[in-house]
J.: 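The structure under discussion is supplied below as structure tokens; questions concerning it will follow.
Numbering of ligands and ligand atoms starts at 1, following listing order. If you read the sequence from its start, that first residue is 1, and numbering goes on from there. If you're wondering where the values come from, they're calculated on a predicted model, not measured in any experiment.
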Amino acid sequence: MKRRVAILISGRGSNMRALLEAARDPEFPAEIVLVLSNRPDAAGLDLARANGVPAVAIDHRAFGRDRAAHEAAIQQVLLEHRVEIVCLAGYMRLLTPFLVQAWAGRMLNIHPSLLPEFPGVDTHARALAAGVAEHGCTVHLVTEEMDAGPIIAQARVPVLPSDDEDTLSARVLAQEHALYPKALKILSDRLGSQT
Ligand code: GRF
């Protein structure tokens, strides 16, 4: 049985697209049953619909400062679609402990650095400023501490002397698109026959 997966996005959704493409393989152990965005204008929503995947926007602005109510609405849609694994893919909202705990061990995030190096934002600029020789991306389980959960998989790229933020981020993004499906497969296989 394929694991039922939701992808949470906020924007262009290129990692979402990579997951959709991987999930077309009949051998892939997961299927994408839902794409959810906190922004109604996220480009990824149209792409998901074009692929026949239900795509729902739950605009956080409609909930004002009430993060709990926004997350409760998200959780309801996840449960309605009988989701088993949640993949954060460029989802630009910090989650509260409610949603993190509800999906403990079953929620992945992709982060554009070799964690534990460079958690948070502006990872490519910070890697360049630090003068590191290698950079990359990480898929990890989501825990309450941001970008700090158990690592499922990483991919490395060299940092070249000629790099700027654009060239480096493009090199990392190409690796992200290969890494996320690999990590989702690892987690799906790991969950095995668990319910
Ligand atoms: C990616 O770099 C991802 O690592 C980060 O946000 C970006 C999302 O890009 N968390 P996309 O929406 O998947 O194209």
J.: Is Met16 close to ligand 1, meaning an N/O of one under 3.5 Å from an N/O of the other?
T.: no
J.: Distance-only, no hydrogens or angles: does the Asp164 side chain make a donor-acceptor pair with backbone N or O of Thr167 under 3.5 Å?
T.: yes
J.: Between the side chains of Glu80 and Gln76, is a donor N or O closer than 3.5 angstrom to an acceptor N or O?
T.: yes
J.: Considering both backbone and side-chain atoms of Ile110, is one of its nitrogen or oxygen atoms within less than 3.5 Å of a nitrogen or oxygen in ligand 1?
T.: yes
J.: So which residues get pulled into Leu168's cluster when ILVMFWY side chains under 4.5 Å apart are joined, directly or through others?
T.: Phe118, Leu128, Val132, Val157, Val159, Val172
J.: Which atoms of ligand 1 sit under 4.0 Å from any heavy atom of Gly13?
T.: 11 (P), 12 (O), 13 (O), 14 (O)
J.: Surrounding CE of Met92 (heavy atoms of other residues, nucleotides or ligands, distance under 6.0 Å), is the total greater than 12?
T.: no
J.: Would one find an N or O of Glu176, backbone or side chain, under 3.5 Å from an N or O of ligand 1?
T.: yes
J.: How many angstroms lie between atom CE of Met1 and atom CD of Glu84, to the nearest 0.5 angstrom?
T.: 7.0 Å
J.: Nearest heavy atom to atom 11 (P) of ligand 1: which of Gly90, Ser14, Pro112 does it belong to?
T.: Ser14
J.: Name the closest protein heavy atom to atom 9 (O) of ligand 1, giving the residue it belongs to and the distance to 0.1 Å.
T.: Arg12 NH2, 3.2 Å
